[in-house]
Amino acid sequence: MNILYEDAALVVLDKPAGLSSEEGVPAALRQLWGQPDAFVGVVHRLDTGVSGLMVFARTPGAAAALSRQIIQSQNAYAVQDGRAEGRAEEPQFIKQYRAVIAGGPDEALPAEGTLRDWLFKDSRRGRVFPVSRPRRGVREAVLEYRIVKTAGEMSLAEITLHTGRTHQIRVQFASRKHPLTGDGKYGSRVKGSIALQSCGLQFLHPETGKPMAFTLPLPDAAPWKEFLE
């Protein structure tokens, strides 16, 4: 677990794959600080099998301020996407990802665009399914993406989330026959960890209001290294 920034209000880190964001990271931070009762506010989540940038609050006030930014951003994207009415605003809390997906651009997945789907989360089976129309338990999922490079039978995609649904990126690409490399749950035939990284994070400091921005480089391990210049 690599800490990129830390102050009295928050900590920004690169979460390794295999560590849960809701229990594993807070426990690791308390151990690192030597403070078993330290406050660690979880304001957003990352699948256990996925690595990358996360911000955690160190005070209840910082947690509340960051949570307000996340809600503001969800509302701003909803207006931008036409899912809600209201005044157009720039999102304050921006999450960007990169993924290695099967195949290259095609009719189902142009080189860039916006993916919109209705997703149903089956908690008993631990899976998420795309469905044709809204009903109870179904939520709309929206992301924008750009395929930046294709190497052999894989492509590198850059993604900005507009909604934060469970397994959203994984399901939206898999449903178009472009599963994420290593994601056996959603159709990848490649063994290994899920090729998804939270690579960009932007927000306002909860106490000073100063814009904060963090990015991670492309990993130098397989399958990412296929796309290193």
Side-chain angles (χ1 to χ4, degrees), residues 1-74 92-100 121 123 126-128 159 161 163-170 180-186 191-225:
M1 190 173 70
N2 181 26
I3 292 179
L4 279 67
Y5 177 85
E6 185 177 2
D7 64 20
L10 58 87
V11 55
V12 177
L13 52 86
D14 179 3
K15 182 189 86 68
L19 191 65
S20 97
S21 58
E22 295 176 75
E23 296 175 0
V25 172
L29 286 173
R30 293 183 185 108
Q31 184 175 10
L32 181 69
W33 296 331
Q35 300 173 358
D37 298 321
F39 179 88
V40 181
V42 181
V43 296
H44 66 123
R45 290 161 183 77
L46 202 55
D47 289 352
T48 299
V50 175
S51 68
L53 291 168
M54 294 194 72
V55 57
F56 291 84
R58 298 194 64 177
T59 67
L66 289 169
S67 295
R68 284 194 295 272
Q69 289 182 42
I70 291 171
I71 292 169
Q72 181 274 342
S73 298
Q74 290 171 343
Q92 296 172 348
F93 195 101
I94 300 172
K95 296 184 287 184
Q96 293 166 313
Y97 294 76
R98 59 169 66 103
V100 178
K121 180 180 177 182
S123 298
R127 286 176 64 98
V128 176
I159 300 152
L161 277 185
T163 56
R165 312 302 185 212
T166 302
H167 298 179
Q168 172 179 343
I169 295 172
R170 299 161 62 185
L180 273 57
T181 300
D183 192 3
K185 175 174 275 193
Y186 292 108
K191 303 290 185 187
S193 57
I194 301 167
L196 178 62
Q197 180 194 38
S198 170
C199 62
L201 193 59
Q202 297 176 50
F203 57 90
L204 304 178
H205 193 282
E207 292 184 350
T208 66
K210 176 187 173 185
M212 310 284 284
F214 300 88
T215 57
L216 290 178
L218 197 68
D220 58 5
W224 304 99
K225 62 183 180 182

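Residues take their numbers from the sequence shown, with the count starting at 1.
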Heavy atoms of other groups near N2 CG, more than 12 under 6.0 Å: yes
Considering only heavy atoms from C-beta outward, does the side chain of S20 approach that of V25 to under 4.5 Å? no
Determine whether more than 12 heavy atoms belonging to other residues, nucleotides or ligands lie under 6.0 Å from atom NZ of K185. yes
Set out, in order, the CA-CA distance, both residues' side-chain angles and the distance that settles side-chain contact (heavy atoms from CB on, under 4.5 Å) for F93 and L201, then state yes or no. CA-CA 7 Å; F93 195 101; L201 193 59; 3.9 Å; yes
May I have all residue pairs that pass side-chain hydrogen bond (donor to acceptor under 3.5 Å, both in side chains) and include part of residues 63-74, sequence neighbours excluded? Q72-E89
How many angstroms lie between atom CZ of R58 and atom CG of L29, to the nearest 0.5 angstrom? 8.0 Å
Please say whether more than 12 non-hydrogen atoms of neighbouring residues, nucleotides or ligands are located less than 6.0 Å from CD in E23. no
Regarding R98 and Q197, is there a side-chain donor-to-acceptor distance under 3.5 Å anywhere? yes
Considering residues at least two apart in sequence or located in another chain, which fulfil the ring-ring contact (aromatic ring centres under 6.0 Å, His included) criterion with Y186? H167
Of all the heavy-atom pairs spanning A8 and T59, show the shortest one and how long it is. O-CG2, 3.7 Å
Kindly indicate whether the side chain of L46, heavy atoms from C-beta on, has any atom under 4.5 Å from the side chain of L53. no
Which atom of A62 lies closest to which atom of A9, heavy atoms considered: CB-O, 3.3 Å
Report the C-alpha distance between D47 and I194 in whole Å, list the side-chain angles of each, state the deciding distance to 0.1 Å, and finish with yes or no for side-chain contact (heavy atoms from CB on, under 4.5 Å). CA-CA 10 Å; D47 289 352; I194 301 167; 5.9 Å; no
For G49 and A17, work out which heavy atoms get closest and say how close. O-CB, 3.5 Å
Minimum heavy-atom separation for T181 and P223, please, with both atom names. CG2-CG, 3.9 Å
Nearest heavy-atom contact between T48 and K15 is O-NZ, 3.2 Å
Under a 4.0 Å N-O cut-off, is there an ion pair linking D183 with R170? yes
Under 6.0 Å from the CD atom of E6, do we count more than 12 heavy atoms belonging to anything else shown? yes
Report the distance from atom OG1 of T215 to atom CG of L218, rounding to the nearest 0.5 Å. 12.0 Å
Test item: R30 side-chain N/O and A38 main-chain N/O as donor-acceptor pair under 3.5 Å: yes
Using 30° and 60° as the class limits, which term best fits the ring planes of F56 and H44: parallel, tilted or perpendicular? tilted
Side chain proximity check, L66 to F203, heavy atoms < 4.5 angstrom: yes
All heavy atoms of V42 vs all of P26, minimum pair found to be CG2-CG, 3.9 Å
Whether S51 side chain and P16 backbone form a donor-acceptor pair below 3.5 Å: no
Would a distance-only check, ignoring hydrogens and angles, find a side-chain to backbone donor-acceptor pair under 3.5 Å from T208 to K210? yes
